[in-house]
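Lettering of chains follows the sequences in order, A, B, ..., and the numbering in each one begins at 1.
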Amino acid sequence: MKLVTWNVNSLKQRLPRVLELLAEHQPDVVCLQETKTTPEAFPHDELAEAGYAAAHHSGGRWAGVAVLGRTQAPPRDVTAGLPGEVEQDECRWVEATVAGVRVASVYVPNGRSLDSPAFPAKLVFLEAMRERVGQLTPPLVVAGDVNVAPADIDVYDPAGFVGSTHTSEGERNRLQQILDAGLVDAYRHLHPDEQHFTWWDYRAGHFHKGLGLRIDLIMASKDLADRLTHCGIDRSYRKGPKPSDHAPLLATFD
DNA sequence: ATGGCTAGTGGAACTAGA
């Protein structure tokens, strides 16, 4: 099974690159974040032409998540929303069963700054994820933009991020608790010492200077992690016409 | 780096991202 997760920063703007990704990698499961679409505008027809069916949670101008499966193995038993999240209508979590695997596509709140009211709401969201993971039965994958860099190796300038979101102890502890509930960080599992990023700021040429963060994760239950044969980031989708600020993360399970 | 881009809304200048 080949799975990809990608924060597309508008599915409308990124549709050509998404179709390119589907054709090139032919994944069995796709988790998308920041689709930024209304339910009415979700591009079901274009995805169907490419051979994919979608389960999605779409709220309009911000956020929005989706799980895609092949037309012959479409997403089933869809659950939209995360029990316990502070903002129930922000469309940051959707679950579906694809090819026998329970898959959640997640877009964790940014948090804005450590002193913002959005920050404790981010921590509550991460706690709710841990609760939900404990309720779900493997085989399970939680994939998406977690908006937390798990460790300093996942940050281009750890000292520069002290006092910012994405690297604080509170965020990292809660992410670790999600993993401790029975999941494995697929990329780090296969590449214990490598520094590769999944997000780069659009500004100031950060991508070309190699200044990024690893904040997009594929977290797999241990039974699946034992069958992991490949996990990597396709940086080509951060280049070329109209790139997202995130690159897709891919994993293959034997 | 004090935000140096991009996207959505709406039709200027804001919010939001991380």
Side-chain angles (χ1 to χ4, degrees), chain A residues 5-18 31-43 56-66 85-87 89-93 105-126 129 143-172 174-175 187 195-217 233 235 237-249:
Chain A
T5 183
W6 193 15
N7 179 324
V8 293
N9 184 17
S10 172
L11 184 52
K12 182 180 178 182
Q13 296 298 327
R14 220 65 59 211
L15 189 58
R17 303 303 303 266
V18 171
C31 296
L32 301 177
Q33 301 86 37
E34 281 205 87
T35 51
K36 294 186 175 178
T37 179
T38 60
E40 297 74 26
F42 194 92
H56 66 101
H57 191 24
S58 302
R61 60 192 299 195
W62 289 308
V65 286
E85 63 182 323
V86 174
E87 302 293 340
D89 56 356
E90 285 195 345
C91 303
R92 296 179 176 277
W93 178 273
S105 178
V106 62
Y107 175 44
V108 173
N110 171 291
R112 298 187 193 170
S113 63
L114 299 185
D115 58 358
S116 161
F119 186 73
K122 178 179 189 175
L123 300 182
V124 168
F125 191 99
L126 291 165
M129 281 177 65
D145 177 357
V146 300
N147 268 322
V148 181
D152 278 353
I153 191 177
D154 302 309
V155 182
Y156 70 90
D157 178 14
F161 271 81
V162 171
S164 301
T165 59
H166 294 64
T167 66
S168 74
E169 194 178 345
E171 290 160 276
R172 285 178 170 170
R174 283 164 180 81
L175 178 62
Y187 179 82
Q195 183 178 58
H196 283 293
F197 305 131
T198 63
W199 172 87
W200 302 259
D201 199 307
Y202 277 124
R203 294 167 290 189
H206 273 203
F207 176 70
H208 297 286
K209 295 175 186 170
L211 309 179
L213 304 175
R214 189 176 73 93
I215 53 176
D216 299 86
L217 304 184
I233 300 149
R235 296 168 72 257
Y237 289 85
R238 185 60 179 76
K239 309 174 187 174
K242 285 181 82 73
S244 171
D245 47 354
H246 295 250
L249 174 68

Modelled atom types, side-chain donor and acceptor of A/Asp216 and A/Thr198, under 3.5 Å: yes
Between B/dA18 (P) and A/Phe119 (CZ): distance, integer Å: 15 Å
Qualifying residue for side chain to side chain contact (heavy atoms under 4.5 Å, CB included) with A/Trp200, from A/Lys209, A/Arg235, A/His246: A/Arg235
Side-chain heavy atoms of A/Leu126 within contact of A/Val108, under 4.5 Å: yes
Residue whose nearest DNA chain B nucleotide is more 5′ - A/Asn147 or A/Lys242: A/Lys242
A/Glu34 vs A/Ser10 side-chain heavy atoms within contact, under 4.5 Å: no
Length of the line joining A/Asn9:CG and B/dT6:C1', which is rounded to integer Å: 6 Å
Integer-rounded Å distance: B/dA18 P and A/Tyr156 OH: 14 Å
Short side-chain N/O contact to B/dA18 OP1/OP2 from A/Ser164, under 4.0 Å: no
Phosphate-side-chain proximity, A/His246 and B/dG17, N/O vs OP1/OP2 below 4.0 Å: no
Nearest-angstrom distance, P atom, B/dT15 to B/dG4: 15 Å
Qualifying salt bridge (charged side-chain N to carboxylate O under 4.0 Å, His left out) pairs with a residue from residues 146-155 of chain A, counting only residues at least two apart or across chains: A/Asp152-A/Arg172, A/Asp154-A/Arg188, A/Asp154-A/Arg214
For atom CZ of A/Phe207 and atom C1' of B/dA18, their distance in whole Å: 17 Å
Interatomic distance, A/Glu171 CD vs B/dA18 C1' [rounded to whole Å]: 10 Å
Distance between C1' atoms of B/dC14 and B/dG10 (Å, rounded): 11 Å
Sugar-phosphate, base or nothing in reach of A/Asp157, heavy atoms under 4.0 Å: nothing
Separation between the P atoms of B/dA13 and B/dT2, rounded to whole Å: 25 Å
From A/Tyr107 atom OH to A/Thr5 atom OG1, the distance as rounded to the nearest 0.5 Å: 12.5 Å
Rounded distance [0.5 Å steps], CG in A/Asn147 versus CZ in A/Phe125: 10.0 Å
Nucleotide B/dA18, atom P - distance to CZ of A/Arg214 in whole Å: 16 Å
Could I get a table of every N or O pair under 3.5 Å where one atom is in the protein and the other is in nucleotides 3-5 of chain B?
| unit_1 | atom_1 | unit_2 | atom_2 | d |
| --- | --- | --- | --- | --- |
| B/dG3 | N9 | A/Arg203 | NH1 | 3.1 |

Rounded distance in Å - CG (A/Asp216) to P (B/dG17): 15 Å
Nucleotide nearest A/Arg14 when distance is taken to its side chain, options B/dG8, B/dT6, B/dA18: B/dT6
Which residue lies more 5' along DNA chain B, comparing A/His166 with A/Lys12 via nearest heavy atoms: A/Lys12
Heavy-atom protein contacts under 4.0 Å, nucleotides 10-16 of chain B, coded B base, S sugar-phosphate only, - none: -----BS
A/Gln13 CD to B/dG8 C1', straight-line distance once rounded to whole Å: 9 Å
Short side-chain N/O contact to B/dA18 OP1/OP2 from A/Asn7, under 4.0 Å: yes
Test log, rule side-chain contact (heavy atoms from CB on, under 4.5 Å), inputs A/Trp93 and A/Met129: CA-CA 9 Å; A/Trp93 178 273; A/Met129 281 177 65; 3.8 Å; yes
Ion pair check, A/Glu171 and A/Lys122, cut-off under 4.0 Å: yes
Same-atom distance (P) from B/dA1 to B/dA12, integer angstrom: 35 Å
Sugar-phosphate, base or nothing in reach of A/Thr165, heavy atoms under 4.0 Å: nothing
A/Ser105 side chain to A/Gln33 side chain, donor-acceptor N/O pair below 3.5 angstrom: yes
